[in-house]
Amino acid sequence: MKFWKKRAGKYQLATLLTRSIFITIGVMSFVVLMQNYQVNRQVVTQEVARSKLQTTSLIQEIFNFRLDSVEIQQDSYSRSLALISSMRGAESETISQFFNGIDQIDPDLSPDFRFISKGNEVIWNDENHRFYGISDLQLSHIRNDLVTGNDWYLSQTPSSLGMRYLMIRRTSLIAMNDGEVVGDLYVGIVLNNNFSLVRALLDGSNVDEVALTVGSEIIASSSKQNLRHVDWLNQYSPKLNTNDYMVSRVDLTINGVVTFISVYTIEDNSHIALLMQGHYFWIAGALGVLIIIAISSRYWLRQRVSKELKNLMMYTEQSIEAKRVEIFKGSDIAEFNKIGKSFQRSFRRLNEQEKQFADLFNYSLSPITLWDTSGYLVRMNPAAERSFCEGGDELFASLLNKLVPQIRMCANGASLTGINIEIGEKTYRWNFSPIVIDNVTRSIMAQGQDVTSFVEAERQSRAAREEAEELARLRADFLAKMSHELRTPLNGILGVSQLLKNTMHQADDVEHVDVLINSGEHLLAVLNDILDFSKIEQGKFHIQQAEFRLLELASTIEKIYQPLCKQRGIAFAMISNINADQIVFSDQVRLNQILFNLVSNAIKFTHHGRINVSLNLHHRDEETVLSIHVEDTGIGIEQSRLTHIFEPFVQAEATTTREYGGSGLGLAIVYNLVELLDGTISVESELGRGTQFNVTLPMQVTTSTGEAFIGHLLERPENMFDRTLNVLLVEDNHTNAFIARAFCEKYGMRVTWVQNGCDAVKHLEEGNLTDLILMDNQLPSLSGIETTQAIREKLALSVPIYACTADNVKATEVAFMAAGANYVIVKPLRERDLNVAFIHYRDHFYKAVS
């Protein structure tokens, strides 16, 4: 039967009323419900997005804060006097006690493991790395990977427990009293199963669960379930939905660089799901009510129905216009009464949600402001009023001036996050979110967070890093200048002595000059003590091995110190089984330095009795070793002081420096030199009866044929070249120039001397024939490196350039070679070193007369 009936060409009142009521109520209900649904969905969606954004920012800030806290703690105790003292004494137990004490004070900021390296070796570790399955060998690999800088590095390393993901940072241990670097401290944080980090992220970000992931693998989680992969997380859409969980992903950054480490946050989504289900339920309920009204209204609609319908319409209009929930008075018709109650519940729900949004806005601890699209401040929450209005008009004006440009950008549809803006004396991090309705930006919400403390901590960390880099640069400059200033006068002493030796014919005179040369070499070694010790501490010291007669060690010691002992009334005995034809491959200067320091100490602290020096070569465990024993009958050393005797600036007694002098570096340098030569050193002493030092060093021994050394030269000067070479000598020091010219003239060379780089360039521009250039470094107006670069680039000349520098720093040699030099000779000039350099020139560049 047809639902709508028509009588005599006209519609019945019931039919009209039914149609009118159905259409009116249907449209009104649909509009109200959809408006309610749309408003609530937009509000909730924006709040969820803001919450996710805030959670993301908090996760990154908590992670950065934890790294900064460990970094600040590491930098603070890297300059601890107690730690530096323990490092110098190689006291592993004291170092461990030091760090155990620190860990007990604040265990939450303690790294998972630490280790300290010195030179190319790991000299101490806290053994914690083994708990994570990381071997000692992996520590060495980690140290090799971190050679420069003191930033955090993300590393992965295999272990017995699987792949480990680590946060590693290196810092130098610096003695604040003298600026010396005594080692490098490494701290590591193991991200795998790092429950401390996960707990900090969980507590600080106000979420239900946190998972730390690498790719698809979960390496740490706050969940009690045994989770290994993130596949189950990806089934939840990041948009507003009715799922059980709301999942957010944060890709962590370190030093501004995105890493492969991600953090998933999981929040309970039940309240959102319940809200969405409620919307769907009420939409379905409203449609059902409309259908019931349409079917039943035909049977019972009369005048009373029209009246009730009018009352219902008035109720809905009043509620919408008044924007408050009016109590529905009821209706005798159950369906109308039900519709009225539904409207009342819908209006109440809409009002409650609006109130929730208002409460969130009003009671938030973070400043929140609402702006229109033209940049006019519409509203601000109490937190914003306390922050910007109570400070006076100036602070409020600053807020308006600094936020309006971002508000106008956001009005064009852009969402801005993490914008740091200084307002008054504080720094706020702002997030700007446009509120879009019907694809049109209606207003902009700006939420701020006070990050003044974080910004200040970052500024202080950056300033400390810049200060450390500047100190390192100043130290390098100081060492370069000191090396040049000390070596330049010694170049004159040693050079003239070697030239004078060649004019001597009497054996006694030659012997006296030998003593002068050896004493000059000893003086050079002593003057280099401070420089050498500094380079040893920085890991920049290198052993330079070459062949020499081992017997020279014994004869040099005997010739220098026997007269001194005789003068002091002390018996001196030199015992050795070394043959005259035994040649060794080692560092002669460093061996001399070891012997000179030990014998000098023995003479200094011996007033009567004897000093015995023993040098013996013997075989041990299929290798040849040199045993050195220096024994005296001096004042001796207390047993309690023996463990510290090899530390720098340490002497046997507090009064020793005043009575005997000395810097206290001698034995420290000896100890480090012995280690660099792969040897061992020990000391035995008894107070008042004397001291004995025992050194054992591995040696490579060959037998001389009688022709390998010609007066310490590899080849005679008269046999080197068959024509006269034209040499351009660039040297500003007259003494150095005199010595270099005298050496060159022995080889039949014709030397042209200029005193600065500009004159050298001018000499070459004039087309003067030049076979070889000897280039000093520190020249007036134009340095040797700059002059070398000008010859190569501006003049485009390939003439061989041999640099002669008193700056015995590796960086200077590298800079010379990069500028175009072919060889580097370190001053003071020794005849043997120049002989080796000329052999290199002959083999690589010399062209004989055909």
Measure the [atom1]-[atom2] distance between [X] and [Y] for me, rounded to the nearest 0.5 Å.
| X | Y | atom1 | atom2 | answer |
| --- | --- | --- | --- | --- |
| S600 | I557 | OG | CD1 | 7.5 Å |
| N822 | F816 | CG | CZ | 11.5 Å |
| E180 | I84 | CD | CD1 | 10.0 Å |
| L728 | L764 | CG | CG | 5.5 Å |
| I168 | S155 | CD1 | OG | 6.0 Å |
| N768 | H763 | CG | NE2 | 4.0 Å |

Are more than 12 heavy atoms from other residues, nucleotides or ligands located less than 6.0 Å from atom [atom1] of [X]?
| X | atom1 | answer |
| --- | --- | --- |
| E765 | CD | yes |
| Y671 | OH | no |
| H618 | NE2 | yes |

Looking at every non-hydrogen atom in both residues, tell me the closest pair between [X] and [Y] and how far apart they are.
| X | Y | answer |
| --- | --- | --- |
| Q588 | L553 | O-CD2, 4.5 Å |
| P717 | K746 | CB-O, 3.5 Å |
| G679 | L697 | CA-CD2, 3.8 Å |

Check against side chain to side chain contact (heavy atoms under 4.5 Å, CB included), I669 and Q593: CA-CA 9 Å; I669 293 176; Q593 196 170 356; 3.7 Å; yes
Does a donor on one side chain sit under 3.5 Å from an acceptor on the other, for [X] and [Y]?
| X | Y | value |
| --- | --- | --- |
| N150 | R170 | no |
| N616 | S627 | no |
| Q789 | R792 | no |

Using the ring pair (Phe, Tyr, Trp, His ring centres under 6.0 Å) definition, which of the options Y841, F838, Y846 pairs with Y747? F838
As a test of understanding, state which of L779, L782, V754 forms a side chain to side chain contact (heavy atoms under 4.5 Å, CB included) with D759. V754
Looking at side-chain heavy atoms only, is the closest gap between [X] and [Y] below 4.5 Å?
| X | Y | value |
| --- | --- | --- |
| K762 | C758 | no |
| D776 | D732 | yes |
| N777 | T812 | yes |
| F693 | V670 | no |
| F115 | D136 | no |
| L667 | L598 | yes |
| L834 | V836 | no |

Determine, stepwise, if the pair Y561 / M574 fulfils side chain to side chain contact (heavy atoms under 4.5 Å, CB included). CA-CA 10 Å; Y561 290 106; M574 169 64 70; over 6 Å; no
Applying side chain to side chain contact (heavy atoms under 4.5 Å, CB included) to L595 and V695, what does each step give before you reach the verdict? CA-CA 10 Å; L595 276 168; V695 179; over 6 Å; no
E623 and R620: side chain to side chain contact (heavy atoms under 4.5 Å, CB included), yes or no, with the steps? CA-CA 5 Å; E623 69 174 351; R620 185 188 68 181; 3.9 Å; yes
Tell me if a side-chain donor or acceptor on [X] pairs with a main-chain N or O of [Y] at a distance below 3.5 Å.
| X | Y | value |
| --- | --- | --- |
| S576 | I578 | yes |
| Q582 | N579 | yes |
| Q74 | L185 | yes |
| E786 | S783 | yes |

side-chain hydrogen bond (donor to acceptor under 3.5 Å, both in side chains) for Q755 and E731? Distances and angles first, verdict last. CA-CA 5 Å; Q755 297 185 5; E731 172 63 65; over 6 Å; no
Report the relative orientation of the aromatic rings in H840 and Y823; use parallel for angles under 30°, tilted for 30 to 60°, perpendicular for over 60°. tilted
I'd like to know if D75 and R169 make a salt bridge, using a cut-off of under 4.0 Å between side-chain N and carboxylate O. yes
Got a salt bridge between R842 and D722, using NZ or NE/NH1/NH2 to carboxylate O under 4.0 Å? no
Sequence neighbours excluded, the answer for side chain to side chain contact (heavy atoms under 4.5 Å, CB included) partners of E718 is R716
Show, in sequence, the C-alpha distance, side-chain angles and deciding distance for R723 and D771, and conclude whether the salt bridge (Lys or Arg N to Asp or Glu O under 4.0 Å) test is met. CA-CA 11 Å; R723 66 179 176 89; D771 297 301; 3.6 Å; yes
